[in-house]
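The next block holds one structure in the form of structure tokens; read it before the comments.
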Amino acid sequence: MQLILMGAPGAGKGTQAAFLVKKFGIPQIATGDMFRVAVKSGTQLGKQAKACMDAGKLVPDEVTIGIVRERLGKDDCKDGFILDGFPRTVEQADALNKILADLGKTLTAVLNINVPAEDLIGRSVGRRVCRNCGATYHVEFNAPKVEGVCDECGGELYQRADDTVETMTNRLNVYVESTRPLIEYYKKAGVYYEVDGRQHIEKVTEDLINVLTSVKG
Ligand code: ADP
Ligand code: AMP
């Protein structure tokens, strides 16, 4: 199963990917996570990515496409994968078509988690992420049992540097300008599905799984 989880920043892609990974046993490929690892390691890629991420801008297409091409060629992707946060531009979507064709695969479904703009800043600013395992929480909507501590592994929770009102405003503008056009792109391709992301986390998961069950037949 080759899936794309789409949605504005803060829509719940990472939260839902964690459930789908467990249910279907295929890896989550999150370009934002890959860039954060590179930033932490201080690599050349990390330095380039950090400047874009801090400003709420996209990392250049050629860089992003390169890391995705390499990642999707790895052995653990042979039975499928869940793309989270890629593609974000029409150029990336075109490149993904080429990568999939080279791998002899097709897209199973593009799942858009639809959340209105007015909810997204609050979701992002309240987001907390585990430094150790990457699990995602929200101070209000999905709070950990003990403040600042991951339920899954006991790791420390932190707030992402780009989860500020100012950066998030830029990220939402970038989403509208560059990423939202992909809805029409994938509708035309006949692989587009949408779920209501304002519902409780468990209900969004249920809706996503129902869509996938119908798609797979
Ligand atoms: P994305 O990966 O799309 O940027 P996340 O999965 O990191 O989004 O979710 C953003 C924030 O919103 C997190 O703090 C998460 O706990 C919270 N969240 C995710 N899904 C929901 C939901 N259905 N209702 C309320 N809050 C949610
Ligand atoms: P995310 O973790 O998906 O919210 O992404 C965090 C940041 O990483 C974004 O604001 C971008 O700066 C960068 N990024 C992640 N995915 C992409 C992508 N597909 N194309 C360009 N930049 C990306």
Side-chain angles (χ1 to χ4, degrees), residues 4-21 28-39 45-46 48-69 71-72 82-96 99 111-116 118-130 134-144 150-151 157-164 166-175 177-179 182 195-208:
I4 297 176
L5 271 182
M6 264 187 74
K13 302 181 294 293
T15 301
Q16 295 301 329
F19 292 110
L20 298 179
V21 163
Q28 170 196 15
I29 316 291
T31 39
D33 289 349
M34 291 161 87
F35 288 136
R36 278 183 287 278
V37 168
V39 169
L45 168 68
Q48 189 180 8
K50 186 173 182 337
C52 304
M53 292 165 91
D54 285 350
K57 292 186 182 153
L58 295 181
V59 177
D61 281 334
E62 63 276 16
V63 175
T64 309
I65 291 164
I67 64 163
V68 171
R69 175 180 289 282
R71 182 66 188 86
L72 294 185
I82 303 162
L83 283 165
D84 160 3
F86 181 94
R88 265 173 149 104
T89 64
V90 169
E91 191 174 339
Q92 291 179 14
D94 287 342
L96 177 63
I99 294 170
L111 304 162
N112 186 32
I113 306 175
N114 198 8
V115 174
E118 65 262 27
D119 291 357
L120 295 168
I121 291 194
R123 282 202 186 189
S124 159
V125 172
R127 170 162 47 197
R128 299 292 181 271
V129 183
C130 176
T136 302
Y137 298 86
H138 190 281
V139 290
E140 188 182 342
F141 308 134
N142 186 24
C150 179
D151 291 350
L157 303 185
Y158 79 104
Q159 184 171 17
R160 276 170 47 176
D162 58 350
D163 275 341
T164 61
E166 195 195 359
T167 308
M168 197 45 191
T169 306
N170 294 338
R171 290 161 66 199
L172 291 176
N173 287 336
V174 167
Y175 169 77
E177 176 97 349
S178 304
T179 309
L182 293 180
V195 300
D196 180 357
R198 287 170 307 180
Q199 309 173 98
H200 284 296
I201 291 174
E202 299 73 27
K203 180 67 171 75
V204 178
T205 309
E206 194 185 315
D207 285 3
L208 288 170

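First listed ligand is number 1; within each ligand, the first listed atom is number 1.
- Ligand 1 places these atoms under 4.0 Å from at least one heavy atom of Y137: 13 (C), 14 (O), 16 (O).
- Of the protein's heavy atoms, G14 N, 2.8 Å lies nearest to atom 2 (O) of ligand 1.
- At least one N or O atom of R127 sits closer than 3.5 Å to an N or O atom of ligand 1.
- For atom 10 (C) of ligand 1, the closest non-hydrogen atom on the protein side is G10 O, 3.6 Å.
- Residue contacts with ligand 1: T15 is placed with a nitrogen or oxygen under 3.5 Å of a nitrogen or oxygen of the ligand (distance criterion only).
- Salt bridge K50/D54: present, at least one basic N to carboxylate O contact under 4.0 Å.
- At under 3.5 Å, not a single nitrogen or oxygen of R128, backbone or side chain, sits near a nitrogen or oxygen of ligand 1.
- For a threshold of 3.5 Å applied to N or O pairs, the pair formed by P9 and ligand 1 contains no separation below that value.
- Taking all heavy atoms of K203, R123, K13 into account, the minimum distance to atom 22 (C) of ligand 1 is reached by R123.
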Under a 3.5 Å threshold, I'd like every N/O contact between ligand 2 and protein atoms, with atom names and distance.
| from | atom 1 | to | atom 2 | distance (Å) |
| --- | --- | --- | --- | --- |
| ligand 2 | 2 (O) | R36 | NH1 | 3.0 |
| ligand 2 | 2 (O) | R36 | NH2 | 2.9 |
| ligand 2 | 2 (O) | R160 | NH1 | 3.4 |
| ligand 2 | 2 (O) | R160 | NH2 | 3.4 |
| ligand 2 | 3 (O) | R88 | NH1 | 3.0 |
| ligand 2 | 3 (O) | R88 | NH2 | 3.1 |
| ligand 2 | 4 (O) | R160 | NH2 | 2.9 |
| ligand 2 | 4 (O) | R171 | NH2 | 3.3 |
| ligand 2 | 12 (O) | K57 | O | 2.6 |
| ligand 2 | 16 (N) | T31 | OG1 | 2.8 |
| ligand 2 | 16 (N) | G85 | O | 3.4 |
| ligand 2 | 16 (N) | R88 | NH1 | 2.9 |
| ligand 2 | 19 (N) | G85 | O | 2.9 |
| ligand 2 | 19 (N) | Q92 | OE1 | 3.0 |
| ligand 2 | 20 (N) | Q92 | NE2 | 2.9 |
| ligand 2 | 22 (N) | V59 | N | 3.0 |

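- Heavy-atom distances between G197 and ligand 1 reach below 4.0 Å in at least one pair.
- With respect to F86, the side-chain contact (heavy atoms from CB on, under 4.5 Å) criterion is satisfied by exactly one of L96, L5, I29: L96.
- At under 3.5 Å, not a single nitrogen or oxygen of Q16, backbone or side chain, sits near a nitrogen or oxygen of ligand 1.
- The distance criterion of under 3.5 Å between nitrogen or oxygen atoms is met by G12 with respect to ligand 1.
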Subject >> side chain to side chain contact (heavy atoms under 4.5 Å, CB included) between V129 and R127, worked out >> reply: CA-CA 7 Å; V129 183; R127 170 162 47 197; 3.9 Å; yes
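- When heavy-atom distances to ligand 1 are checked against a 4.0 Å cut-off, R198 has no atom that comes that close, whether in backbone or side chain.
- With hydrogens and angles ignored, the 3.5 Å screen pairs a side-chain donor or acceptor of K13 with a backbone N or O of A8.
- Residues D162 and T167 have side chains that never bring a donor and an acceptor to within less than 3.5 angstrom of each other.
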**OP:** Take R123 and D163, measure what salt bridge (Lys or Arg N to Asp or Glu O under 4.0 Å) needs, and give me the verdict at the end.
**Re:** CA-CA 9 Å; R123 282 202 186 189; D163 275 341; over 6 Å; no
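- When only non-hydrogen protein atoms are considered, atom 23 (N) of ligand 1 lies nearest to Q199 O, 2.8 Å.
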